[in-house]
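Whatever order the structure lists ligands and atoms in, that order sets their numbers, starting from 1. Worth saying up front: this structure is predicted, and the values here are computed from it rather than measured. One is the number of the first residue; the rest follow in order along the sequence.
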Amino acid sequence: MVNATAGLIGVVLLTRHGDRTEYFQNTSNYISQQAYLTPLGAQQEYELGSFLRSTYLDADSPSFIQNISTEVANIDQLTVRADAGGGNAILDSAYSLLQGLYPPTQKSEITLGNGEKVLSPLGGYQYIPGKLKLQPESLFLQSLEYWQAPSLTPWMECNYFLFHLNRVYTSSGFKNISAAAQPFLTALEPYLGGISNNFTNMWNIYDHVNVQYTHNKTYYDTLPATFLEQARHYANWLQQQVFTDATTAQNGVGYIAIRTLLPEVMWSLGNMTLPSNKVKIAVQEVDYKPFISLFNVTNATLYDPDISGIANYASVVALELSLDSTGSHHVSMKFKNGTDNSEFRQLKLFGNTTVTLESFIHQLAWTTINSTINWCFSCNQTIERGCSVFNYTNDPFLNPTG
Ligand SMILES: *[C@@H]1O[C@H](CO)[C@@H](O)[C@H](O)[C@H]1NC(C)=O
Ligand SMILES: *[C@@H]1O[C@H](CO)[C@@H](O)[C@H](O)[C@H]1NC(C)=O
Ligand SMILES: *[C@@H]1O[C@H](CO)[C@@H](O)[C@H](O)[C@H]1NC(C)=O
Ligand SMILES: *[C@@H]1O[C@H](CO)[C@@H](O)[C@H](O)[C@H]1NC(C)=O
Ligand SMILES: *[C@@H]1O[C@H](CO)[C@@H](O)[C@H](O)[C@H]1NC(C)=O
Ligand SMILES: *[C@@H]1O[C@H](CO)[C@@H](O)[C@H](O)[C@H]1NC(C)=O
Ligand SMILES: *[C@@H]1O[C@H](CO)[C@@H](O)[C@H](O)[C@H]1NC(C)=O
Ligand SMILES: *[C@@H]1O[C@H](CO)[C@@H](O)[C@H](O)[C@H]1NC(C)=O
Ligand SMILES: *[C@@H]1O[C@H](CO)[C@@H](O)[C@H](O)[C@H]1NC(C)=O
Ligand SMILES: *[C@@H]1O[C@H](CO)[C@@H](O)[C@H](O)[C@H]1NC(C)=O
Ligand SMILES: *[C@@H]1O[C@H](CO)[C@@H](O)[C@H](O)[C@H]1NC(C)=O
Ligand SMILES: *[C@@H]1O[C@H](CO)[C@@H](O)[C@H](O)[C@H]1NC(C)=O
């Protein structure tokens, strides 16, 4: 066991957005529509922020992060990125989370040159989102618009991902489960508002049922018991197939949702070990997809099989970095499955409660996609999303003999 005498020095968080409006994803390519955060979703993210505050910013907590500013946010200690794939719901979720992490405080009052004291509105609201960025500056082409940069929505316009989807839809597992689900999907049809009840559409089916059940009283009062849970069960199964990969190992395209995020995770953790480092909390606000891929590539699902489904709204995965008495850095992974789940559960990384940072990076290095050209190669994309500027002579897939 690790003796983390020096305690936590930082944490990288992947957080899922909160409750939002209905969100259609095209079943043939997973290109999605915009969705908007609801007041319920904002509340969930705020609660998540408060939870993270009591976990990491409270000096009495065993997970207190050394030297972190506890009341008045020090923006040098935070980095926040939001995935643009889910539209405003994800960006606004990051704002709500930060409101809970660093709530308004009188202590943020400043004194002007003329001696006048000023507090920001809403009782000292802290405007941390000044550091929010939609586009990952350290990663990929800076000249691209956020929707073009593949880092945060890497499954879109990825040709190999389309093959992968098709492979999932034609697999025997898919055929078996869709046959088993048929009676349920037939019974569910009157509650689908006209959307297809084909099993390929299972994500959208669940989303429709969940959104209506949450926001529509007539629907809530009439949906038969267990229908929501059954829809969730099948959607969990399908999303697990889509965002993992049965055919290849860690570098399968099915894992693409986490493969482009891992470099930023590793760089954040690596930078936290440097004496010059200031950042103590790095937040990436994302969709449900990277959670599924991450739990699979780290083998966490081998030890906790129940985490293989979709993470609930306002879920969090924490990669905690600690320093032991011998001066080596360790990483440990925790997960909380949304607002209703009070447990911040310790997960295993490759079967271990903690692994050295070196080992963490080593085990996952070969799955990472750390540049636009790597993404283009990994997706067999030579035109869209900035790929047209590269030279593919050395691409082993496009030119097997090159
Ligand atoms: C899904 O995407 C395909 C391919 O771009 C397109 O042909 C189809 O119309 C889209 N489906 C819906 C429901 O938008
Ligand atoms: C915390 O601050 C103390 C005093 O400035 C310093 O000695 C220590 O190295 C700092 N620890 C971390 C993890 O930054
Ligand atoms: C379900 O959708 C798939 C893909 O669009 C299609 O091949 C299949 O025929 C559909 N099944 C039914 C029963 O409509
Ligand atoms: C609410 O649910 C009812 C019953 O399913 C449906 O007829 C109605 O269109 C829904 N309202 C909205 C705003 O979606
Ligand atoms: C990862 O996902 C693949 C494909 O769904 C599955 O075969 C494999 O068992 C999963 N691995 C773990 C550790 O859960
Ligand atoms: C620090 O982050 C930068 C990118 O922001 C990365 O290039 C560098 O490798 C990181 N350093 C370490 C030690 O991980
Ligand atoms: C989160 O909990 C829901 C039930 O509320 C479950 O369906 C889902 O599989 C869980 N997800 C994970 C990643 O544990
Ligand atoms: C992950 O689990 C697979 C079995 O699904 C096993 O073959 C592999 O060795 C494990 N990897 C690590 C690093 O523990
Ligand atoms: C996990 O722990 C085992 C011993 O319990 C060790 O052999 C293995 O190398 C560790 N894996 C990693 C990735 O640190
Ligand atoms: C990116 O990944 C490649 C291997 O695919 C590696 O050679 C390179 O050093 C990595 N670059 C960074 C900045 O991590
Ligand atoms: C990659 O895309 C090219 C067209 O740009 C196509 O000719 C080639 O067959 C594709 N490779 C694979 C392995 O699908
Ligand atoms: C593309 O790369 C190959 C191999 O490195 C090189 O021979 C060729 O000149 C390059 N083409 C262009 C247009 O830069």
Could you list which atoms of ligand 11 come closer than 4.0 Å to a heavy atom of [X]?
X    : value
F163 : 14 (O)
N380 : 1 (C), 2 (O), 3 (C), 8 (C), 10 (C), 11 (N), 12 (C), 14 (O)
Y160 : 11 (N), 12 (C), 13 (C), 14 (O)

(message) Using a plain distance cutoff, I'd like to know if Q363 has any nitrogen or oxygen under 3.5 Å from a nitrogen or oxygen of ligand 8.
(response)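 N/O-N/O distance under 3.5 Å: no.
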(message) For ligand 11 and T382, I'd like to know whether there is a polar contact (N/O to N/O, distance under 3.5 Å).
(response) no
(request) Could you list the residues that satisfy side-chain contact (heavy atoms from CB on, under 4.5 Å) with S315, not counting sequence neighbours? (result)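 R16, F291, A311, N312, F335, N337.
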Return the option from [options] holding the heavy atom at the smallest distance from [atom].
atom                    : options                : answer
atom 11 (N) of ligand 8 : N299, N352, T301, N296 : N299
atom 3 (C) of ligand 6  : N271, L269, T79, N277  : N271
atom 4 (C) of ligand 8  : V355, V297, L349, L302 : L302

(message) Under the salt bridge (charged side-chain N to carboxylate O under 4.0 Å, His left out) definition, can you give me all pairs with a residue in residues 347-356, not counting sequence neighbours?
(response)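 Found none.
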(message) Aromatic contact between Y30 and F243, with the criterion being ring centroids under 6.0 Å apart: yes or no?
(response)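 For Y30 and F243, the ring centres are under 6.0 Å apart.
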Carboxylate-amine/guanidinium contact [X] [Y], below 4.0 Å:
X    : Y    : answer
R345 : D304 : yes
R81  : E285 : no
R20  : D207 : yes

(request) From the options H215, Q44, Q43, select the one residue that forms a side chain to side chain donor-acceptor pair (under 3.5 Å) with D19. (result) H215
(request) Find all atoms of ligand 6 within a distance of less than 4.0 Å from any non-hydrogen atom belonging to G270, and give their numbers and elements. (result)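 Heavy-atom distances to G270 below 4.0 Å select 12 (C), 13 (C), 14 (O).
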